[in-house]
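See below for the structure under consideration.
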Amino acid sequence: MATRDIYTTAFDGDVQTTATDCPDCGGSVRTTDRETVCEDCGLILEDTQLDRGPDWVRRDEQGSKRRTGAPLTPTRHDRGLSTEIGYKRDANGNTLSSTKRRHLNRLRREQSRARWQSKAERNLAYGLSEIRRIVASLGLAQSIRNQACSLFRTAQSEQLCRGRSLEAVAAASVYATSRCNGLGRSRAEVTASARCDQNRLTNAYTVMNVELELPTQPVKATDWIPRLAAKLEVPDHVRRRALELAQQARERGVTIGCRPSGVAAGCLYLAAQRVGLCLSQQRIADIAGTSPTTLRSRRDDLLDITT
DNA sequence: ACGATTATTGCGTTCTT
DNA sequence: AAGAAAACAATAATCGT
């Protein structure tokens, strides 16, 4: 961590990976000073929202601390640099005279006009707040939110908002970030939290993907497994076995051309069966959004490579 | 609930014009 | 080269046990 130039608070510096597992999907858990988040499913486990001290410190290459302002954040349209003009009291806590107060009121009015310099800036602020809303609704991590916000900025500066609703671009930013991080959130899930229909989200996502050349990876079966396992409430070792199976299937090249949801369903079914846990094919298939037939078919493929 | 069989659909290839 | 057609694989529906 010393090599990376990161902003941390004065009290709680380093990012640590704890030994505990995500209770939801059993994945490994990463704890920062702000939140505890599962690396597999992207779910926030603890979000303290505690600002531990206003004393922001920046570590330079030598590791020594230097005072700076608060870290820049991509989630505010002005990157958190805006100035708020307060009411009632001055910097020393004394009340203000009426003339002084009128003066400040005028200043505040002018400043709030100046803050929204252009329509683009207003749109940006709206888009970012929309992203914050969607990310919170999906329970995703702060790092994902920041990535999505950065993506939105890029999309806007590349003129990708023209002819598209800001809601769609915002939702697409979240979905794209989820895809790039292999979080396994489906388009339908993001749409459910978004204020646009799925077609618009798809359209915005496709355009962003092409124009911005996002590092999108194909959805893998392993992306599905943590969340499926969580919904099925299977024990950890079953989830792990299923992940191993999916990994093997991927390496061996079977299941190429098969839908990842079907592969994941087959992996979980077989993994559960191997430890003597009886899960109904129908139930897994329903949760995975596939059919028992497909599940069986994938399971048979897995049987071919593991025996 | 599971397996087997059959129907459908999407897609890349091949054949035709 | 553009479109039509036979062919294949994956998935889904249905039936039988």
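Lettering of chains follows the sequences in order, A, B, ..., and the numbering in each one begins at 1.
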> Atom CD of A/Gln281 and atom C1' of B/dC2: how far apart are they, to the nearest Å?
Replying inline: 6 Å
> Quick one: which of B/dG3, C/dT11, B/dC2 gets closest to the side chain of A/Thr294?
Replying inline: C/dT11
> Is A/Thr293 touching bases, backbone alone, or none of the nucleic acid, heavy atoms closer than 4.0 Å?
Replying inline: base
>> Please report the distance, rounded to the nearest Å, between CG in A/Leu270 and C1' in B/dC2.
In response: 15 Å
> According to a strict under-4.0 Å criterion, is A/Ser297 in side-chain N/O contact with OP1 or OP2 of C/dA10?
Replying inline: no
> Between A/Arg296 and B/dA1, is there a side-chain N or O to OP1/OP2 distance below 4.0 Å?
Replying inline: no
> Rounded to the nearest Å, what distance is computed from the CZ atom of residue A/Arg299 to the P atom of nucleotide B/dA1?
Replying inline: 14 Å
>> Nearest 0.5 angstrom please: A/Asp301 CG to A/Leu270 CG, how far?
In response: 11.0 Å
> For A/Leu295 and C/dA13, what is the distance between atoms CG and C1' respectively, to the nearest whole Å?
Replying inline: 16 Å
>> Give me the atom names and distance for the closest heavy-atom approach of A/Ala172 to A/Met208.
In response: CB-SD, 3.7 Å
> A/Ile284 CD1 to C/dT11 C1': how many Å, rounded?
Replying inline: 17 Å
> How long is the line joining CG of A/Asp300 and P of B/dT5, in whole Å?
Replying inline: 13 Å
> Got a second to check how far A/Leu214's CG is from A/Leu151's CG, nearest 0.5 Å?
Replying inline: 5.5 Å
> Which part of the nucleic acid, if any, lies within contact of A/Arg283, taking any heavy atom under 4.0 Å across all strands shown: a base, the sugar-phosphate backbone alone, or nothing?
Replying inline: nothing
> Which of the following nucleotides, C/dA12, C/dA10, B/dC2, is nearest to the side chain of A/Arg259?
Replying inline: C/dA12
>> Is the phosphate of C/dA12 approached by A/Thr290 (side-chain N or O, under 4.0 Å from OP1 or OP2)?
In response: yes
>> Which nucleotide wins on minimum distance to the side chain of A/Arg298, given the candidates C/dA10, B/dA4, C/dA12?
In response: C/dA10
> Got a sec: does the CZ of A/Arg179 have more than 12 other heavy atoms crowding it under 6.0 Å?
Replying inline: yes
> When the distance from CG of A/Asp286 to P of B/dC2 is rounded to whole Å, what number comes out?
Replying inline: 12 Å
> Within this structure, what is the CD1-to-P distance between A/Ile256 and B/dC11, rounded to whole angstrom?
Replying inline: 17 Å
>> Counting neighbours of CZ on A/Arg274 that are heavy atoms of other residues, nucleotides or ligands and sit closer than 6.0 Å, is the number greater than 12?
In response: yes
